[in-house]
Amino acid sequence: MDEITLSILLLGDSSVGKTSLMIRFTDQKFEENSSATVGIEFKNKEIQINDKTINLHILDTAGQEKFRAVVTNFIRKGDGMIFTFDLSNEESFENIKTWLITADGVKEDYQRILVGNKSDLPDKKINKEKAEKLGQRYNMKYFETSAKDGKNVDVIFKEIAELILSSPKGKKIEEEVKKRNENIRIKSNESKKNKKCYCKN
C-alpha cells in the first residue's frame, strides 16, 4: 500500500494549546504544564482515510514573534495549516488575522481550518457565532476543541488531511507517490532479473 505523507502546521499565539493538541492526537495524553515551544517541534502519526495510509507530519510552531522567521520557513513547506486560538483569550483570536497574513504571504497552495481550543474552560470570551463568522470570511471550517478532554482533536487532524487529499495539490501528491513507488518496483524487478546464478558442477 502506498503511504502518503502530509505536512500539517499548528499556527497561533503562544499558550493557546498547540503543543497539547499535538500530544493529545499523537500520544493520547494531556500534559497540564507543558513548556512554550522553542522554534519548531514535531511528531508523526499514521491514520487511515479511504483505505489510504496517511502519515501526518505534524509541526508545532512557536507563537512568539522572535521565532516568526523560523516558522515562516516551515510554512512554505506545509500542506495544511490549523490556525489555533484560545477560547478564553480574545487577543489570541484577534491575532489569527495576523497569522493568516503571515501564511498567505509565503504560501498560496494550502488548506486550512480554524480551531478554538480549551472548550473545557468555563470563561470563554469567544462565542461560536463570532468564530464561525471569521472562518467564513477566510474560507475556513471552524471547530472547537479541548486537548484536555480530547473533544474534536482527532476530528480536526482528519479534517485537514481530507481537505488536502481532495484538493488539486492532494491529487498531485498521490500521483507522485504512486509514480515513485512504481519506479521502485520496476527497478527492484529489473535487479532480480539481472542477478546471475553461480552453480557448482
Side-chain angles (χ1 to χ4, degrees), residues 6-25 30 34 36-37 40-41 56 58-170:
L6 303 177
S7 180
I8 312 295
L9 277 76
L10 288 155
L11 298 173
D13 285 1
S14 183
S15 301
V16 299
K18 300 186 300 294
T19 303
S20 296
L21 285 170
M22 179 178 71
I23 292 174
R24 166 63 76 177
F25 177 63
F30 176 72
S34 59
T37 301
I40 298 284
E41 294 180 5
L56 296 184
I58 304 161
L59 295 104
D60 167 30
T61 64
Q64 303 97 314
E65 180 66 34
K66 63 182 178 180
F67 295 115
R68 197 60 56 88
V70 175
V71 172
T72 299
N73 286 333
F74 281 91
I75 289 174
R76 289 191 180 96
K77 303 172 185 176
D79 300 309
M81 317 290 165
I82 300 176
F83 292 91
T84 312
F85 67 92
D86 177 349
L87 284 161
S88 65
N89 183 331
E90 194 164 0
E91 184 180 0
S92 72
F93 175 72
E94 294 299 330
N95 285 342
I96 289 293
K97 297 169 189 174
T98 302
W99 285 103
L100 283 162
I101 291 169
T102 298
D104 289 350
V106 297
K107 186 82 176 178
E108 293 181 0
D109 187 15
Y110 74 94
Q111 300 299 310
R112 59 196 185 191
I113 60 173
L114 178 64
V115 167
N117 191 36
K118 304 187 184 181
S119 65
D120 55 283
L121 297 181
D123 57 337
K124 299 185 186 69
K125 300 290 196 308
I126 308 299
N127 61 42
K128 189 175 182 180
E129 183 181 0
K130 187 175 183 179
E132 285 181 339
K133 189 175 180 180
L134 179 69
Q136 290 167 4
R137 180 180 173 186
Y138 291 97
N139 194 28
M140 296 185 289
K141 288 186 179 180
Y142 172 63
F143 300 86
E144 288 189 354
T145 62
S146 169
K148 187 172 185 177
D149 63 29
K151 176 185 174 182
N152 281 339
V153 175
D154 289 353
V155 170
I156 62 171
F157 286 100
K158 185 178 180 183
E159 175 68 24
I160 192 68
E162 288 178 338
L163 284 173
I164 296 166
L165 290 173
S166 62
S167 70
K169 183 177 181 181

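Excluded from the calculations below are hydrogen atoms, water molecules and symmetry mates; all remaining heavy atoms, backbone and side chain alike, are included. Counting from 1, the numbers follow the sequence of the chain as shown. Keep in mind it's a predicted model, so treat the numbers as computed, not measured.
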- Item | Residues that E91 engages under side chain to side chain contact (heavy atoms under 4.5 Å, CB included), provided they are two or more places apart |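 If we apply the side chain to side chain contact (heavy atoms under 4.5 Å, CB included) test to E91, skipping adjacent residues, the hits are N89, N95.
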
Just wondering, do [Y] and [X] contact through their side chains at under 4.5 Å, heavy atoms?
X    : Y    : result
I75  : T61  : no
F25  : I23  : no
I113 : F143 : yes

Please list every donor-acceptor pair under 3.5 Å in which a side-chain atom of residues 126-140 meets a protein atom from a residue at least two apart or in another chain.
unit_1 : atom_1 : unit_2 : atom_2 : d
N127   : OD1    : E129   : N      : 3.3
N127   : OD1    : K130   : N      : 2.7
K130   : NZ     : E90    : OE2    : 3.3

- Item | Verdict with supporting geometry, S167 and Q111, side-chain contact (heavy atoms from CB on, under 4.5 Å) | CA-CA 8 Å; S167 70; Q111 300 299 310; 3.5 Å; yes

- Report the C-alpha distance between I82 and M22 in whole Å, list the side-chain angles of each, state the deciding distance to 0.1 Å, and finish with yes or no for side-chain contact (heavy atoms from CB on, under 4.5 Å). CA-CA 11 Å; I82 300 176; M22 179 178 71; over 6 Å; no

Rounded to the nearest 0.5 Å, how far does [atom2] of [Y] lie from [atom1] of [X]?
X   : Y    : atom1 : atom2 : value
W99 : T84  : CH2   : OG1   : 10.0 Å
D60 : L11  : CG    : CG    : 10.0 Å
S88 : K124 : OG    : NZ    : 9.5 Å

- Looking at residues at least two apart in the chain, or sitting in another chain, which of them share a side-chain hydrogen bond (donor to acceptor under 3.5 Å, both in side chains) with Y142?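 In terms of side-chain hydrogen bond (donor to acceptor under 3.5 Å, both in side chains), with neighbours along the sequence ignored, Y142 is linked to E144.
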
- Task: Could you please spell out the steps behind the side-chain contact (heavy atoms from CB on, under 4.5 Å) verdict for L165 and L6?
- Result: CA-CA 9 Å; L165 290 173; L6 303 177; 4.3 Å; yes

- Not counting sequence neighbours, which residues clear salt bridge (Lys or Arg N to Asp or Glu O under 4.0 Å) with K141? List them please.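 Per chain and number, K141 pairs via salt bridge (Lys or Arg N to Asp or Glu O under 4.0 Å) with E159.
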
- All salt bridge (Lys or Arg N to Asp or Glu O under 4.0 Å) counterparts of K169, not counting sequence neighbours: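 If we apply the salt bridge (Lys or Arg N to Asp or Glu O under 4.0 Å) test to K169, skipping adjacent residues, the hits are D79.
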
Side-chain donor-acceptor distances from residues 114-122 under 3.5 Å, at least two apart:
unit_1 : atom_1 : unit_2 : atom_2 : d
N117   : OD1    : T145   : OG1    : 2.9
N117   : OD1    : A147   : N      : 3.4
N117   : ND2    : V16    : O      : 3.1
K118   : NZ     : S15    : O      : 2.8
K118   : NZ     : D86    : OD2    : 3.2
S119   : OG     : T145   : O      : 3.1
D120   : OD1    : S146   : OG     : 2.7

